[in-house]
*Asks:* 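Submitted below is the structure of interest, expressed as structure tokens.
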Amino acid sequence: MHLSELTHPNQLHGLSIAQLSQIAAQIRDKHLETVAATGGHLGPGLGVVELTLALYQTLDLEQDRVIWDVGHQAYPHKMLTGRYNNFHTLRQKGGIAGYLNLRESPFDHFGAGHASTSISAALGMAIARDLKGEHFKVVAIIGDGALTGGMALEAINHAGHLPDTNLMVVLNDNEMSISPNVGAIPRYLNKIRLSPQVQFIADNLEEQFKHIPFLGENLTPEMHRIKEGMKRLAVPKVGAVFEELGFTYVGPVDGHNLEELIATFQHAHTISGPVLVHVATIKGKGYAIAENDQVGYHAQNPFDLVTGKAKPSSKPKPPSYSKVFGETLTKLAENDPRIIGITAAMATGTGLDILQKRLPKQYIDVGIAEQHAVTMAAGLATQGMRPVATIYSTFLQRAYDQIVHDVCIQSLPVFFCMDRAGIVGADGPTHQGMYDIAYLRCLPNMVLMAPKDEAELQQMLVTGINYTAGPIALRYPRGNGHGVALMEEGWEPLPIGKGELLRQGEDLVLVAYGSMVYPALQVAEILKEHGMRAAVINARFAKPLDTELIIPLAKQTGRVVTLEEGCLMGGFGSAVLEALQDADVLVPVLRLGVPDILVEHATPDESKADLGLTPPQMAETIMAKFAVPQPTVAVG
Ligand SMILES: Cc1ncc(C[n+]2csc(CCOP(=O)(O)OP(=O)(O)O)c2C)c(N)n1
Ligand SMILES: CC(=O)[C@@H](O)[C@H](O)COP(=O)(O)O
Ligand SMILES: [Mg+2]
């Protein structure tokens, strides 16, 4: 059977190892061909091809539930559940999503994108099943990186307390997060994987047994029980932590050996209560370039399959905000040992890998543990350090109470650097940096700022480091800067709460925040062609707002437009509205930003066009709202 003919995963039932191996090859071909064309997550999915095939052959997906953690590794799942033929639309506007999505397929039993949620969701489904007297299997598939997330441990703690609740957790252990996995948990997993006794049993027992006359060939199913038993005898510690937490531990099993995997899953399905199957895989399996650079090929932009090189862009691009952030913070840290850069498993994405290489003592990776990162940063701040919690806007949502409870209430000087703030594009709704202005602005003692370009980012970095009166948060977008001149050093801090007037104008004032400042200048130019003279303010700060700059211009022009790359509800525009109201300046205000909707996967430009946030569209909207009476031309 060819994968293109497969419309239901149950069609895998009864296929031979040879047939499954053929399908595995077809999955890898499609995976590589698609990600090379569209970009996306490469290594994760290549590592779970056999795991997915073997697991799905032992399940009845007409009724059983499978929950993938994060979901970035679930491209094989998508191909096996009816999406092979349109898989080439991956992460394109209107196409297949890059993560599981309840709305995309009945086989996507739970969506994700953020890590460490799968066991909680699976346990919820299992408890509901039992309460309703239903009977189906529930399987969570979680990576070793996601297992370092607190939620996963909370769920294990709970599941291990329910010996009568049947639940399978498949641990996909490839020894990698995006970067090499960090912490005591991965170290423990490696001890199991690499223990000589386990290696001996795995490599030799099978061979020995097969040579027993008359019996050997019939021992396979039973052999698993024997092998598991011998592992327990030989290496009592194998899986001990999980066993002590109420799980039956099974493994480790070779995650690329279909026969082993099928027999292991069949064996594990016979075990009641919570079971953890430890599967050892290789991230990027089957594509040597990805196997040899597992960090670089976790995710890729469109690339050449033969060379592995990114497709050359039409023209050289300015440095990314992340790179400017990483370089500048590292320079500041060279002269300030108080600076500690903190990441939650996103070293390369944030640019903190630059600090890691140059000043490893001033760099901390806590794993996928944003909550811990924030409260640890608060602890560092109490001791006079300058903790820089560098966490994507969307992932910082994971640590909201820690920001409130441990940082703001105590007004501790934690510096939050929120990369990927705004529209991120192909990662879709779970990764958009939509809400940080709203979710932080309402917190006492918090200062919020956003740069208009990468040079102002440098100034705001030194501003944040110098500000020790309380917490301060800096947001900046995914992608490249504007190509403005950067300083190598000697950046001056900005006055807190002060914006800048970039352009004079009599008819209306555009108050722009962060990434919307340059677009606001373009809008002003378009309006000028239509006889509207727009002032432009670079607000720089959302809290405290520069009311001394904004309010007089609002009074003078009588019309205000706010521009932000974030949700309108509670966002920057709301801040300006509130300030005008508080000052009894009752002028019409047009707020431009993201309405109360989810922004689906597309390119950022496509999403902005859909939202009416391109400069021509915004100018149109402004003219429609504020039709300025054209100055009458004297006749005669
Ligand atoms: C809460 C949260 N923080 C950070 C991320 C970014 N992220 C995506 S995948 C990944 C690594 C996941 O490692 P693992 O679970 O081992 O999966 P693998 O990529 O190795 O298959 C990280 C840190 C995320 N998705 N969610
Ligand atoms: C799966 C996941 O959450 C990360 O891999 C994320 O996709 C990275 O996003 P960037 O590509 O913006 O760094
Ligand atoms: Mg991993």
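Positions are given from 1, in the same order as the sequence printed here. For ligands, and for the atoms within them, numbers begin at 1 and follow the listed sequence.
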*Asks:* Specify the protein heavy atom at minimum distance from atom 16 (O) of ligand 1: its residue, its atom name, and the distance to 0.1 Å.
*Replies:* Gly145 N, 2.7 Å

*Asks:* Using a strict 4.0 Å threshold on nitrogen-to-oxygen distance, state whether Glu327 and Arg358 make a salt bridge.
*Replies:* yes

*Asks:* Looking at Asp419 and Arg475, is any side-chain nitrogen of the basic one under 4.0 Å from a carboxylate oxygen of the acidic one?
*Replies:* no

*Asks:* For atom 4 (C) of ligand 2, grab the closest protein heavy atom and report residue, atom and distance to one decimal in Å.
*Replies:*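 I find the closest protein heavy atom is His41 NE2, 3.8 Å.
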
*Asks:* Quick one: which ligand 2 atoms are inside 4.0 Å of a heavy atom on Phe395?
*Replies:*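 The list of qualifying atoms is 3 (O).
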
*Asks:* Identify the closest protein heavy atom to atom 5 (C) of ligand 1: which residue and atom is it, and at what distance?
*Replies:* Phe395 CZ, 3.3 Å

*Asks:* Among all protein heavy atoms in this structure, tell me which lies nearest to atom 23 (C) of ligand 1, with the distance rounded to 0.1 Å.
*Replies:*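 Result: Ile368 CD1, 3.5 Å.
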
*Asks:* Between Arg83 and Asp108, does at least one N-O distance fall below 4.0 Å, as a salt bridge requires?
*Replies:*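 Yes.
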
*Asks:* Restricting to N, O or S atoms of Asp144, which is nearest to the Mg ion (ligand 3)?
*Replies:*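 Asp144's closest N, O or S atom to the Mg ion (ligand 3) is named OD1.
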
*Asks:* Have a look at the Mg ion (ligand 3) and estimate, to 10 degrees, the angle subtended by OD1 (Asn174) and O (Met176).
*Replies:*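 About 90° at the Mg ion (ligand 3).
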
*Asks:* Any heavy atom of His114 sitting closer than 4.0 Å to ligand 2?
*Replies:* no

*Asks:* Compute the shortest N/O to N/O distance between Gln73 and ligand 1 and return yes if it is under 3.5 Å, no if not.
*Replies:* no

*Asks:* Measure His41 to ligand 1 on non-hydrogen atoms and call it side chain, backbone, both or neither using the 4.0 Å cut-off.
*Replies:* neither

*Asks:* My understanding is that we take every heavy atom of each candidate and find the minimum distance to atom 20 (O) of ligand 1. Doing that for Leu396, Thr430, Asn174, which one comes out nearest?
*Replies:*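 Checking each option, the heavy atom nearest atom 20 (O) of ligand 1 is found in Asn174.
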
*Asks:* Out of all atoms in ligand 1, which are within 4.0 Å of some heavy atom of Pro44? Include the element for each.
*Replies:* 19 (O), 21 (O)

*Asks:* Test of understanding: given a 4.0 Å heavy-atom threshold, classify the contact between Arg420 and ligand 2 as side chain, backbone, both, or neither.
*Replies:* side chain

*Asks:* Any Lys/Arg nitrogen of Glu104 or Lys78 sitting under 4.0 Å from an Asp/Glu carboxylate oxygen of the other?
*Replies:* yes

*Asks:* Could you identify the single nearest non-hydrogen protein atom to atom 13 (O) of ligand 2 and state the distance to 0.1 Å?
*Replies:* Tyr392 OH, 2.6 Å

*Asks:* Are Gly47 and ligand 1 in contact, using a heavy-atom cut-off of under 4.0 Å?
*Replies:* no

*Asks:* What is the minimum heavy-atom distance between Ile96 and Thr89, and which atoms define it?
*Replies:*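 Scanning both residues completely, I find the closest heavy atoms to be N-OG1, 3.0 Å.
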
*Asks:* Is there a heavy atom of Val424 sitting under 4.0 angstrom from any atom of ligand 2?
*Replies:*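 Judged by the 4.0 Å heavy-atom criterion, Val424 does not count as contacting ligand 2.
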
*Asks:* Looking only at side-chain N and O atoms, does Gln402 offer a donor or acceptor that is under 3.5 Å from a partner on Thr375?
*Replies:*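 Looking only at side-chain atoms, Gln402 and Thr375 do not form any donor-acceptor pair under 3.5 Å.
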
*Asks:* Considering residues, nucleotides and ligands other than His405, do more than 12 of their heavy atoms fall under 6.0 Å from its NE2?
*Replies:* no

*Asks:* Would you mind listing which atoms of ligand 1 come within a distance below 4.0 Å of any non-hydrogen atom of Gly113?
*Replies:*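 Counting atoms of ligand 1 from 1, those under 4.0 Å from Gly113 are 24 (C), 25 (N).
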
*Asks:* Is it the side chain (CB and beyond), the backbone, both or neither of Asp144 that lies under 4.0 Å from ligand 1, heavy atoms counted?
*Replies:*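 Both parts.
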
*Asks:* Among His72, Arg420, Gln432, Arg91, find the residue that satisfies the side-chain hydrogen bond (donor to acceptor under 3.5 Å, both in side chains) test when tested with Asp427.
*Replies:* Arg91

*Asks:* Is the distance between the ring centroids of Phe395 and His431 under 6.0 Å?
*Replies:*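 Yes: the rings meet the under 6.0 Å criterion.
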
*Asks:* Just jot down the ligand 1 atoms closer than 4.0 angstrom to any heavy atom of Ala345, in number order.
*Replies:*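 Every atom of ligand 1 under 4.0 Å from some heavy atom of Ala345: 23 (C).
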
*Asks:* Should one rank His431, Arg91, His72 by closest heavy-atom distance to atom 3 (O) of ligand 2, which comes out on top?
*Replies:*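 Looking at heavy atoms only, the winner is His431.
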
*Asks:* Taking only heavy atoms of Arg398 into account, list the atoms of ligand 1 that are under 4.0 Å away from them.
*Replies:* 1 (C)

*Asks:* Counting from 1, what ligand 2 atoms have a heavy atom of Arg478 closer than 4.0 Å?
*Replies:*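 Under 4.0 Å from Arg478, ligand 2 has these atoms: 10 (P), 11 (O), 12 (O).
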
*Asks:* Which ligand 1 atoms are under 4.0 Å away from a heavy-atom of Ala115?
*Replies:*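 Result: 1 (C), 2 (C), 24 (C), 25 (N), 26 (N).
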
*Asks:* Identify, for atom 3 (N) of ligand 1, the protein heavy atom at the shortest distance, and state residue, atom and that distance.
*Replies:* Glu370 OE2, 2.7 Å

*Asks:* If you count the non-hydrogen atoms of other residues, nucleotides and ligands that lie under 6.0 Å from NZ in Lys317, is the total more than 12?
*Replies:*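 No, not enclosed.
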
*Asks:* Within the 4.0 Å heavy-atom shell around Lys283, which atoms of ligand 1 are there?
*Replies:* 18 (P), 19 (O), 20 (O)

*Asks:* Classify the side-chain pair Asn172/Thr281 by whether it contains a donor and acceptor separated by less than 3.5 Å.
*Replies:*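 Yes, a side-chain donor-acceptor pair sits under 3.5 Å.
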
*Asks:* Is the shortest distance from a Lys or Arg side-chain nitrogen in Asp610 or Lys93 to a carboxylate oxygen in the other one below 4.0 Å?
*Replies:* yes

*Asks:* Give the residue and atom name of whichever protein heavy atom lies nearest to atom 7 (O) of ligand 2, and the separation in Å to one decimal.
*Replies:* Asp427 OD2, 2.7 Å

*Asks:* State whether Asn172 contributes an N/O/S atom found under 2.8 Å from the Mg ion (ligand 3).
*Replies:*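 No, Asn172 does not qualify, because none of its backbone or side-chain N, O or S atoms lies under 2.8 Å.
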
*Asks:* May I ask you to identify the nearest protein heavy atom to atom 6 (C) of ligand 1, giving residue, atom name and distance to one decimal place in Å?
*Replies:*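 Result for atom 6 (C) of ligand 1: Met346 SD, 3.4 Å.
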
*Asks:* Thinking salt bridges, do Arg103 and Glu600 make one under a 4.0 Å N-O criterion?
*Replies:*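 Answer for the salt bridge query: yes.
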
*Asks:* Is the Lys NZ or Arg CZ of Lys30 less than 6.0 Å from the centre of Tyr84's six-membered ring, within 45° of the axis?
*Replies:* yes

*Asks:* Tyr513 and Phe572: ring pair (Phe, Tyr, Trp, His ring centres under 6.0 Å), yes or no, with the steps?
*Replies:* CA-CA 7 Å; Tyr513 189 52; Phe572 172 73; 4.9 Å; yes

*Asks:* Within a distance under 4.0 Å of any heavy atom of Ala146, pick out the atoms of ligand 1 and give their elements.
*Replies:* 14 (P), 15 (O)

*Asks:* Is a salt bridge present between Lys309 and Asp304, judged by a nitrogen-to-oxygen distance below 4.0 Å?
*Replies:*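 Here Lys309 does not pair with Asp304 in a salt bridge, since their nearest N and O are not under 4.0 Å apart.
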
*Asks:* Atom 11 (C) of ligand 1: which protein heavy atom is closest, and how many Å away?
*Replies:*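 Among all protein heavy atoms, the one nearest atom 11 (C) of ligand 1 is Ser177 OG, 3.3 Å.
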
*Asks:* Can you name the atoms of ligand 1, numbered from 1 with element, that are less than 4.0 Å from a heavy atom of Gly143?
*Replies:* 14 (P), 15 (O), 16 (O)

*Asks:* For a quick check under 3.5 Å, do Tyr56 and His77 share a side-chain donor-acceptor pair by atom type?
*Replies:*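 Yes, because at least one side-chain N or O of Tyr56 sits under 3.5 Å from a partner of the opposite role on His77.
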
*Asks:* For the residue pair His31 and Tyr75, categorise the inter-ring angle as parallel (less than 30°), tilted (30 to 60°) or perpendicular (more than 60°).
*Replies:*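 Plane angle between 30° and 60°, so tilted.
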
*Asks:* Could you identify the single nearest non-hydrogen protein atom to atom 7 (N) of ligand 1 and state the distance to 0.1 Å?
*Replies:*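 For atom 7 (N) of ligand 1, the nearest protein heavy atom is Ile178 CD1, 3.8 Å.
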
